[in-house]
Amino acid sequence: MNNSIGAKRGVSIYSYSGLFGVTMQLEDCFKDIYDMGATGVEILANSHIDSYPELSDEFLEKWHYLCDKYKVEPAEYGHWLDTRLYKDRGLTLDESLEMLERDFRIANKLGFHVLRTKLGVIDDYLNPVENWREIIEAALPLAEKYDVIMCPEIHLPTILSDKMVSDYVEFIIKHNTRNFGLNIDMSVFQNRFDLQTEVPYPNQRHSNPDELIPLLPYVKCIHAKFNAMDDDFNEMTIPYPPVLEILKQNHWNGYLISEYEGANKDVPGYVSHELRKHHVMMKRILGY
Amino acid sequence: MLEKEVIQYRGFHNIYEDGECIGFQVCIRSTYYRGVWLSQIRPGRVVVDGEIFPWNTIIWVINGKEYTTDELAVSGKDFWRVTEPATLKVKKPGGLAQGYHDVSVRFGLSASYMPPSIDQFNDEMEQAVFNGGTYTREKMIIV
């Protein structure tokens, strides 16, 4: 991995979820990623590993084959801590750790280091389960063992100035840990809400790009969320140029992972086309 | 590969046991973008040509294993993958008649990362719910 180059481009297989298993298989997604010259991939464990919750030898072999053939590296592994797994009770700490360790182990075998760790939430503002500190603290030694970084995702309706974000940063500083970080979803900068998107955000609150700067040391991955591209390669709902400029100026060298969340996800070819526009835009702004 | 619709044409047929027709089965896929643990499934009713088969009388078959709805609720270690349809077995002595049938299936899938206020399912309500709803496919054919 060339760390000197700055932000790198990747694609989340989530973008293809309207077609995955219907008209596209994993290798079709890799072919697309190769076309775009993107070098990283995000998978969602629970969606894209065909032997999940196990990791079969066949999948492991296929994974290495695809990464080699299409020159793509594992950039981010999406997984969930399903705290409301049972209707009548929350998960115990032991059950939570078991769930996390299973994914750490699979991620490690597939070559992932950055994880998008989706915690259960308790309210409409997406505040995480009350005992998240206890869970993450207990998981840190396991994360260290498997060489992975747990990153909760900061996503609308949460914005960067919310207490949840400073709580996470405080936790990282207090534990001086390399195994917990942040995944920022670019939805937090969305400033246009009149176009069709998969998830509506009626209150229209959002962050200014500058608010990202102090968080960058903790940001291990960015979900390059996009909702609508125009034909001149501009994203119409999220101010990409200032955000990517900030990444350049601050020499941030993690992955920008394209995540399409607009219309027509189930129309064959549509998302592949939008992803190409999105990557033209990112290449132009990044300058490489 | 899967059919795009939730209710699949493939797998729709009557079920025979010891030469006797005891009911029918219909296969569904999940259009939620991620696979779920079986305890996250919120099973609902099956309706064929207006005849209602209550949610708790349906047997779900996932990865070749049969589950009652009570068993689904406690199966937090078994998994329903997005690429594999589930088979719903419905008891109906004599089965469905040869020809066309309008079939609907209602179910939801719980997601811990969504606000609890949204993460709700009710078999009686007809409106869509987060990760679920009532799915209908008309003119399904029994041969």
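Naming convention: chains lettered A, B, ... in sequence-line order (proteins, then strands); numbering from 1 in each chain.
- Using a 4.0 Å cut-off between charged side-chain N and carboxylate O, R81(B) and D50(A) make no salt bridge.
- Interatomic distance, N46(A) CG to Y32(B) OH, rounded to the nearest 0.5 Å: 8.5 Å.
- In terms of the ring-ring contact (aromatic ring centres under 6.0 Å, His included) criterion, residue partners of Y33(B) (sequence neighbours excluded) are, by chain and number, Y14(A).
- With a threshold of 4.5 angstrom between heavy atoms, L19(A) does not approach chain B through any atom at all.
- Of the two parts of E98(A), only the side chain, counted from C-beta on, holds a non-hydrogen atom closer than 4.5 Å to a non-hydrogen atom of chain B.
- Note: R102(A) leads R102(A), E95(A), H48(A) in heavy-atom pairs under 4.5 Å with chain B.
- The environment of NE2 in H273(A) is sparse: at most 12 heavy-atom neighbours from other residues, nucleotides or ligands sit within 6.0 Å.
- Side-chain contact between M114(B) and V121(A) is absent, with no heavy atoms from C-beta onward closer than 4.5 Å.
- Among all heavy-atom pairs drawn from D124(A) and P115(B), the shortest one is OD1-CB, 3.2 Å.
- Here CZ of F20(A) is found 15.5 Å from CZ of R34(B). Values are rounded to the nearest 0.5 Å.
- Top candidate by heavy-atom pairs under 4.5 Å with chain B, chosen from G18(A), S17(A), G120(A), P128(A), is G120(A).
- Heavy-atom proximity under 4.5 angstrom to chain A picks out G35(B), W37(B), S39(B), Q40(B), R42(B) from residues 35-42 of chain B.
- Listed in order of number, the residues of residues 22-32 of chain A that approach chain B to under 4.5 Å between heavy atoms are V22(A), T23(A), M24(A), Q25(A).
- With respect to chain B, the highest number of heavy-atom pairs below 4.5 Å among N127(A), D266(A), L126(A) belongs to D266(A).
- Of residues 80-89 of chain A, those residues lying under 4.5 Å from chain B by any heavy-atom pair are W80(A), L81(A), D82(A), T83(A), R84(A), L85(A), Y86(A), K87(A).
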